[in-house]
Amino acid sequence: LSDDHKSEIQEQLSGFSERFDALLLKIKDTRFQIRSVENPEGIFDLPLNGRMLLIVRDIMQTGLSFDDFLRMTYLLFWGTLEPSLAEARRIISEELKSEISDLFDDLKLDVRELAEHDPAFPMASANITDASVDVQRSIDAASAWFVKPEGQQAVHNFTLNQSLEIAVASALKSHRAFKPEIDLKVSGNVNLQAPDLLLVTDAIFIALDNVKTHCGIKRDVKVSIRCDVDERENVLRLLVGNSVSPSTRNGTSEGKLEQIRAHIAAGNIGKRARKEGGSGFLKLAAALRHSPGGELQFGFLSDHEFQLSVKLKPTEFTVAVIQAR
Amino acid sequence: MYILLVEDEDPKRRHIATFISEIAPTAVLQVARSVRSALDRFEDGVPDVVLLDMSLPTFDVGGNEGGGRPQGFGGLELMRNMELEGIECPVVVITGYDAFTKLGGQMNLDALNAQLSEAHPKIFKALFHYNSAYGDWQEKVRSILIDLGVISENPAG
């Protein structure tokens with residue numbers, strides 16, 4: 001290699017280092033932050049709002065001891081934080097890993113252009129590939145930092161009946177003036193952990209919120225809630241159906257629903273989920289994205305009926321079980 | 001059509017899988033991340049083609065576990081095992097390396113290509129260099145899959 005080419009390679013390596021550092025800094029400074037006005041792209045969010053307090057209150061009414069209550073608040077804390085942790089793991093192991101791998105590939109290409117015919121090039125290129133693989137393995141290790149600590153994984157379970165009762169009671173308390181006729185039927189012998197309970201309460205809250213806001217009926221609104229479990233597939237199915245005024249189903253409402261379905265299908269739900277402010281379906285889709293096997297469907301069954309369908313795989317029980325009394 | 005992609009590096013695997021889904025949208029693409037998991041896949045059926053990385057760990061890496069450091073020639077081990085077990089299906093090697101270290105020396109891709117052709121004449125079909133920054137490998141993979149009859153020239157096929 002000529003001295004000029006050696007200098008150019010040195011510059012390539014320096015440029016690579018700068019881009020590598022800049023990429024890490026950008027992700028750290030914009031994404032790995034607590035979400036706030038200053039950091040709107042921040043992924044860490046802990047929505048401990050009034051509705052969460054209502055859920056905690058209803059959980060307490062299942063007859064917990066004070067120790068159980070403390071344990072439960074820890075579990076709810078981690079359950080509420082889990083979507084942020086899952087997003088952190090996804091950013092690290094998908095976005096960051098891909099971008100870093102591309103940086104290494106670009107570097108190999110740049111060095112190849114200058115030194116392809118140098119006898120040392122094949123080993124230099126192999127060493128760059130080795131470094132890329134090593135960094136990707138380190139990234140995998142960093143992703144594991146965002147798994148909740150073992151000590152907090154102690155399990156408190158809720159029966160399906162308790163879960164649905166808590167979800168319906170806390171949702172109705174958030175809508176005091178709203179008194180639909182609710183027909184609740186639950187079947188299935190499965191217990192839910194805190195993160196799944198939060199998903200179910202979210203689904204019921206969003207479903208009832210939509211019924212109240214969009215059904216077009218002032219009185220005697222009928223809501224049917226069915227929850228069962230496909231034990232063979234370990235899938236929890238939640239169906240919320242409600243009566244609607246015939247005028248509710250029209251081109252505008254169908255168009256909006258189709259638009260929301262398109263956003264969900266395209267995975268375009270992160271930022272929109274926080275901004276949508278309409279149906280809440282994008283928020284629910286965003287939460288279900290972190291649940292293996294999570295699935296969301298919604299739409300008019302007829303001019304008189306709307307239905308929301310949620311499927312999720314309840315978290316496997318792997319740690320000591322403490323039954324709710 | 002059934003294509004088995006054996007690749008442990010996530011971004012490279014995603015690039016190749018995306019490309020395969022574009023040129024062979026109806027093919028069933030299975031993925032294995034290690035030598036052992038690839039061998040397990042053969043129990044489900046023999047693929048029409050194996051797209052194989054050369055540097056692979058012995059076992060899958062899961063959670064915080066290690067799957068073993070990638071072996072320089074994990075791909076070679078898989079081909080040896082395929083022949084030992086009488087699995088005959090075409091293998092196309094796609095590697096991100098320009099050269100490999102062997103017995104303290106180095107082996108470039110031409111030498112590796114020659115070695116694989118000689119050692120595994122029945123199953124080894126081609127070796128391509130992969131770099132996400134350019135698309136040479138895509139055209140080469142597409143071309144060999146057409147030659148092998150795995151896909152047709154019509155992308156919809």
Undergrad: Are a donor atom and an acceptor atom from the side chains of B/Arg14 and A/Ser98 found within less than 3.5 Å of each other?
TA: yes
Undergrad: What part of A/Ser93 gets closer than 4.5 Å to chain B, counting heavy atoms only: side chain, backbone, both or neither?
TA: backbone
Undergrad: Is chain B contacted by the side chain of A/Glu99, its backbone, both, or neither, given a heavy-atom distance below 4.5 Å?
TA: neither
Undergrad: Using non-hydrogen atoms only, which part of A/Phe121 is less than 4.5 Å away from chain B: side chain, backbone, both, or neither?
TA: side chain
Undergrad: Please tell me whether A/Asp45 and A/Ser84 have a donor and an acceptor in their side chains that are separated by less than 3.5 angstrom.
TA: no
Undergrad: Do B/Met54 and B/Leu112 have side-chain heavy atoms sitting under 4.5 Å apart?
TA: yes
Undergrad: Under 3.5 Å, is there a donor-acceptor pair linking the side chains of B/Tyr130 and A/Asp105?
TA: no
